[in-house]
Student: 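Following this message is one structure expressed as structure tokens.
Side chains included, hydrogens not; waters and symmetry mates left out as well; all remaining heavy atoms used. Order of the sequence lines sets the chain letters (A, B, ...), proteins ahead of strands, with each chain counted from 1.
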Amino acid sequence: MRWTQSLIPTQKETPSDAQIISHQLMLRAGLIRQLTAGAYDFLPLGLRSLQKAMQIVREEMNAIGAAEVLLPALQPMELWQKTGRDVGYGDNLLKLKDRHGRLIVLGPTHEEVVTELVSAYVSSYKQLPLSVYQIQTKFRDEFRPRFGLLRVREFLMKDAYSFHANVESLNEVYDKFYGAYEKIFTRCGIPFVVVEAESGPIGGSASHEFMAACAAGEDTIVTSDKGNYAANVEKAQTGARPWTFGGEPKGELDKVHTPNLPGIEDVGKFLKVKPKNMLKTLVFRTDAKGPAQSSGVNPAWVVAVVRGDHEVNESKLKQAVAEQFHVGVQPLVDDPAVREKWAIGFVGPDAAIKAADAVLVVDPDAAQGGFWASGANETDYHVKYFNWFRECGDKLADPKKTVVADIRNAVAGDPSPKNDGGKLTASKGIEIGHVFKLGTKYSDALGANYLDDAGQQHPLIMGCYGIGIGRILIAAVESMHDEKGILWPAAIAPFSVVVTPIRYEGEIKAAADKLYEQLNAAGIDTILDDRDARPGFKFADADLIGFPVRLTVGDRGLKEGKIELKRRKAAEPEMVAVDNIIERVREALRA
RNA sequence: CGGGGCGUAGCUCAGUUUGGCAGAGCGUCUGGUUUGGGACCAGAAGGCCGCAGGUUCAAAUCCUGUCGCCCCGACCA
């Protein structure tokens, strides 16, 4: 490609709307342009990188025997109603009406569509396992698109789905996808870590996220300093944390008027108590059907308590409550019935003791003796010098009333769940890939069954596997740039080589043209900077865009029959004889 | 949806407080001089000041409404 024939609008100045470095550089390098919130034009250079990433993904998917398909973005609402995700997916589901008034979904993902497809043609265990994938545009009506390509409303995603007759087969194929993902991100040159993510219906390690470590990431990764554990903070377990409700009261219970203080931070400041010395008490409704019993089993309410500086993790809470009390937990909705029973915002743990139909779940760090500040169970009041045994009594020892369990998000400094003396550290990451064991959720809902060798019908067991193609570019730019611009890994650079003639005229022009032809003939994708511009201007653009190799053609080198080769990542250029240039470029691109 | 910020040339932004000719730098175009790390000189083009209404002799500037964009929060199989 000749520079003057392409569309490469580089900019010297940083666009004011761009916050994170990858967004700034991708705009400045002329890779993308924002059309509207969460939707971007891909310009020629951006598209080339995107296509290279797609090709790598495609090759690795093909290598593990996944068959490429292309499914419509336009999907009938009925399909989503069958799986309940017309509601379950929430407002991120982009809906529209056609001229006949039919409701259409612009697909945010394709479990429904692919399950419908496979169920139409797969009816025997002999056809399994089967894996299909596509690279296709997804639509999600994000509340707040942001950070350039990181969170957008329309984006390219590689989504793959596998179908199985048994869990062993699913596990086998899951491992293949896992391996393919490692190859993909390694080939793309992106530093990544794999973390345990939210467990699926299969249980165990049913889900892994591939995270590119970078400060701009939206996800928090928790890692053991022993190097043997990594998980998304949403999923991360903690090691054993000792607890005891014991300890003498530090003072008389002291009720304090605390009006107009919206958060725990504010209350803490007002009371002159640090959040880590406060109890955060949240109320959840259970899905228990029967009448509450005085013993505390089959409770209607769950009162969860964590330390003031910690966050309740709802999935951990759900698990603890399911194990101990055999009921599910629903998110609390703010309705008058709730307000009447609980002083929302001012609840204290003892309220659970007094209510016959409530149970108490306490995080170990909150189940400690000593000084606590807490809600007073009365609107606009808190108490100081809360003491567990004095305020709650021996119900704390009743397993039908009270349980101590890990119900909070992990934080830096927590013991590793491996219980090997490791401590957890926290860092930020961008989720670039996700592999997930789905189970039979979609095949059940859509009646996608197969016949086993005994002629019995069973729902297909499924896995799904996603990669955000655009996020590959973001992750690369976030992790590889300097003050001058992007440092593209060779595999996904828009062009591998830029040929930069010092002046595009005379014998320099002839030499540059010839070099450009040679590189093209050798199958090295090259852009020729044929602009009538001064060298410094061209160098600055080349560095900003970040082509891995720059070949500078000028009279200095030509006098000696040499071309200057400058690797973007190298500090200094080297002079290479014209005869050796192709070979040397290949070497530089491998490095 | 709650809170905050911003809409003026392709880009970055002044001008709005205190109403009075539409501005600068970068980029673009023309001519010239230049040419190894974002050159210089001279000239030029480019604007519904987001949009609509109002106040006023007069509105980029004040008022009302509205649309869009960015950030924080909430949301994110």
Student: Please report the distance separating the P of rC62(B) from the corresponding atom of rC6(B), rounded so that it comes out in whole Å.
Tutor: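 Nearest-Å result for rC62(B) against rC6(B) at atom P: 12 Å.
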Student: Does Gln34(A) reach the main-chain N or O of Thr36(A) with its side chain, forming a donor-acceptor pair under 3.5 Å?
Tutor: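 Flag set: sc Gln34(A) to bb Thr36(A) pair under 3.5 Å.
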Student: Does Gly466(A) offer a backbone N or O that forms a donor-acceptor pair with the side chain of Tyr181(A) under 3.5 Å?
Tutor: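 Yes; judged by distance alone, with no hydrogens or angles, the pair exists.
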Student: Provide the Watson-Crick or G-U wobble partner of rG43(B), both distances under 3.5 Å; none if there is no partner.
Tutor: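 Base partner found: rC29(B).
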Student: Per the atom types in the model, does the base of rG25(B) pair as donor or acceptor with the side chain of Glu13(A) at under 3.5 Å?
Tutor: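 Per atom types, the contact qualifies.
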Student: With both distances kept under 3.5 Å, what pairs with rG7(B), Watson-Crick or G-U wobble?
Tutor: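 Paired with rC67(B).
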Student: Kindly say if Ser16(A) contacts the phosphate of rC11(B), meaning a side-chain N or O under 4.0 Å from OP1 or OP2.
Tutor: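 So the side-chain polar atoms of Ser16(A) never come under 4.0 Å of the phosphate oxygens OP1 or OP2 of rC11(B).
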Student: Distance alone, cut at 3.5 Å: any donor-acceptor contact between the side chains of Trp80(A) and Gln75(A)?
Tutor: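 Checked: Trp80(A)/Gln75(A) side chains pair up, N/O donor to acceptor below 3.5 Å.
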Student: At under 4.0 Å between heavy atoms, what does Asp543(A) touch on the DNA or RNA strands: base, sugar-phosphate, or nothing?
Tutor: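 Result for Asp543(A) = base.
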Student: Of the candidate nucleotides rA77(B), rC1(B), rC70(B), which contains the atom at the shortest distance from the side chain of Phe143(A)?
Tutor: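 Closest nucleotide among those given: rC1(B).
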Student: Please state whether the base of rC76(B) and the side chain of Arg151(A) form at least one donor-acceptor pair under 3.5 Å?
Tutor: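 Per atom types, the contact qualifies.
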Student: What is the distance, to the nearest angstrom, from the CZ atom on Arg534(A) to the P atom on rA39(B)?
Tutor: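 After rounding, the reported distance stands at 5 Å.
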Student: So, is Arg85(A) near the phosphate of rA77(B), with a side-chain N or O under 4.0 Å from OP1 or OP2?
Tutor: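 The answer is no; no side-chain N or O of Arg85(A) sits under 4.0 Å from OP1 or OP2.
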Student: Between Asp513(A) and Arg2(A), is the closest basic N to carboxylate O distance under 4.0 Å?
Tutor: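 Salt bridge present between Arg2(A) and Asp513(A).
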Student: Pick out which of Lys428(A), Arg144(A), Arg146(A) makes a salt bridge (charged side-chain N to carboxylate O under 4.0 Å, His left out) with Glu218(A).
Tutor: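 Exactly one pass, corresponding to Arg146(A).
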Student: Over how many whole Å does the gap from Asp529(A) atom CG to rG37(B) atom P extend?
Tutor: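 It works out to 15 Å between those atoms.
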Student: Quickly work out the Ile502(A) CD1 to rG38(B) P distance and round it to whole Å.
Tutor: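 From Ile502(A) CD1 to rG38(B) P: 12 Å.
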Student: Side-chain N or O of Thr14(A) versus OP1/OP2 of rU12(B): is the shortest distance under 4.0 Å?
Tutor: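 Checking rU12(B) against Thr14(A), no side-chain N or O comes under 4.0 Å of OP1 or OP2.
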Student: Quick one: pull up CG in Leu31(A) and CD1 in Ile545(A) and give me the separation to the nearest 0.5 Å.
Tutor: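 Reported to 0.5 Å precision, the distance equals 7.5 Å.
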Student: Whole-Å distance between rU35(B) P and Glu507(A) CD?
Tutor: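 So the two atoms are 16 Å apart, to the nearest Å.
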Student: Rounded to whole angstroms, how far apart are CG on Asp159(A) and C1' on rA77(B)?
Tutor: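 Spelled out: CG on Asp159(A) to C1' on rA77(B) is 12 Å.
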Student: From C-beta outward on Arg550(A), which listed nucleotide comes closest to its side chain: rG38(B), rC76(B), rG37(B)?
Tutor: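 Side chain of Arg550(A) sits closest to rG37(B).
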Student: Identify whether any heavy atom of Thr36(A) sits under 4.0 Å from a base atom; if not, whether one sits that close to sugar-phosphate; answer base, sugar-phosphate or nothing.
Tutor: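 Contact class for Thr36(A): sugar-phosphate only.
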Student: Could you give the distance separating rA9(B) and rA44(B) at their C1' atoms, to the nearest angstrom?
Tutor: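 Straight-line distance between the two C1' atoms is 14 Å.
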Student: Between Glu574(A) (CD) and rG36(B) (P), how many Å, whole number?
Tutor: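 That distance rounds to 22 Å.
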Student: Could you identify the nucleotide paired to rA74(B), looking across every strand shown and requiring Watson-Crick or G-U wobble geometry with both distances under 3.5 Å?
Tutor: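 Answer to the pairing question: none, since rA74(B) forms no Watson-Crick or G-U pair.
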Student: What is the distance, to the nearest angstrom, from the CD atom on Glu314(A) to the C1' atom on rC75(B)?
Tutor: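 Taking atom C1' of rC75(B) as the reference, CD of Glu314(A) is at 13 Å.
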Student: Could you state the interatomic distance from OG (Ser131(A)) to CZ (Phe177(A)), rounded to the nearest 0.5 Å?
Tutor: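 If I round to the nearest 0.5 Å, the distance is 4.0 Å.
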Student: Are Tyr178(A) and Phe210(A) an aromatic pair by the rule of ring centers under 6.0 Å?
Tutor: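 Centroid separation for Tyr178(A) and Phe210(A): below 6.0 Å.
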Student: Arg144(A) or Ala540(A): which one's nearest nucleotide on RNA chain B is closer to the 5' end?
Tutor: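 Between the two, 5'-proximity favours Ala540(A).
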Student: Quick check on rG36(B): is either OP1 or OP2 less than 4.0 Å from any side-chain nitrogen or oxygen of Arg503(A)?
Tutor: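 No, outside the criterion.
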Student: rC62(B) pairs with which nucleotide, Watson-Crick or G-U wobble, both distances below 3.5 Å?
Tutor: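 Result: rG54(B).
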Student: In whole Å, measure the gap between the P atoms of rC1(B) and rG20(B) for me.
Tutor: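 Comparing P positions in rC1(B) and rG20(B) gives a spacing of 37 Å.
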Student: I'd like the C1' distance from rG46(B) over to rC29(B), given in whole Å.
Tutor: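 After rounding to an integer number of Å, I get 10 Å for this pair.
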Student: Using the P atom in both, what is the distance from rG15(B) to rC21(B), to the nearest Å?
Tutor: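 16 Å, rounded to whole Å.
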Student: Mind checking the P distance from rU30(B) to rU18(B)? Whole angstroms is fine.
Tutor: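 Going atom to atom, P in each nucleotide, I get 47 Å.
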Student: Kindly say whether, by distance alone, the side chain of Arg33(A) makes a donor-acceptor pair under 3.5 Å with the base of rG10(B)?
Tutor: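 Not at all, since no donor on one side and acceptor on the other fall under 3.5 Å apart.
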Student: Can you tell me, in whole Å, how much space there is between the P of rA14(B) and that of rU66(B)?
Tutor: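 It works out to 27 Å between them.
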Student: Could you check how far CZ of Arg153(A) sits from P of rC76(B), rounded to whole Å?
Tutor: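 Checked: the CZ to P distance equals 18 Å.
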Student: Output yes when at least one side-chain N/O atom of Gln19(A) is less than 4.0 Å from OP1 or OP2 of rC72(B), else no.
Tutor: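 For Gln19(A), the contact criterion (side-chain N or O under 4.0 Å from OP1 or OP2 of rC72(B)) is not met.
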Student: Pick the P atom in rC57(B) and in rG19(B), then give their distance to the nearest Å.
Tutor: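 Pairwise P distance, rC57(B) against rG19(B), rounds to 15 Å.
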Student: Across the strands shown, which category fits Tyr442(A) at heavy-atom distances under 4.0 angstrom: base, sugar-phosphate, nothing?
Tutor: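 Touches nothing.
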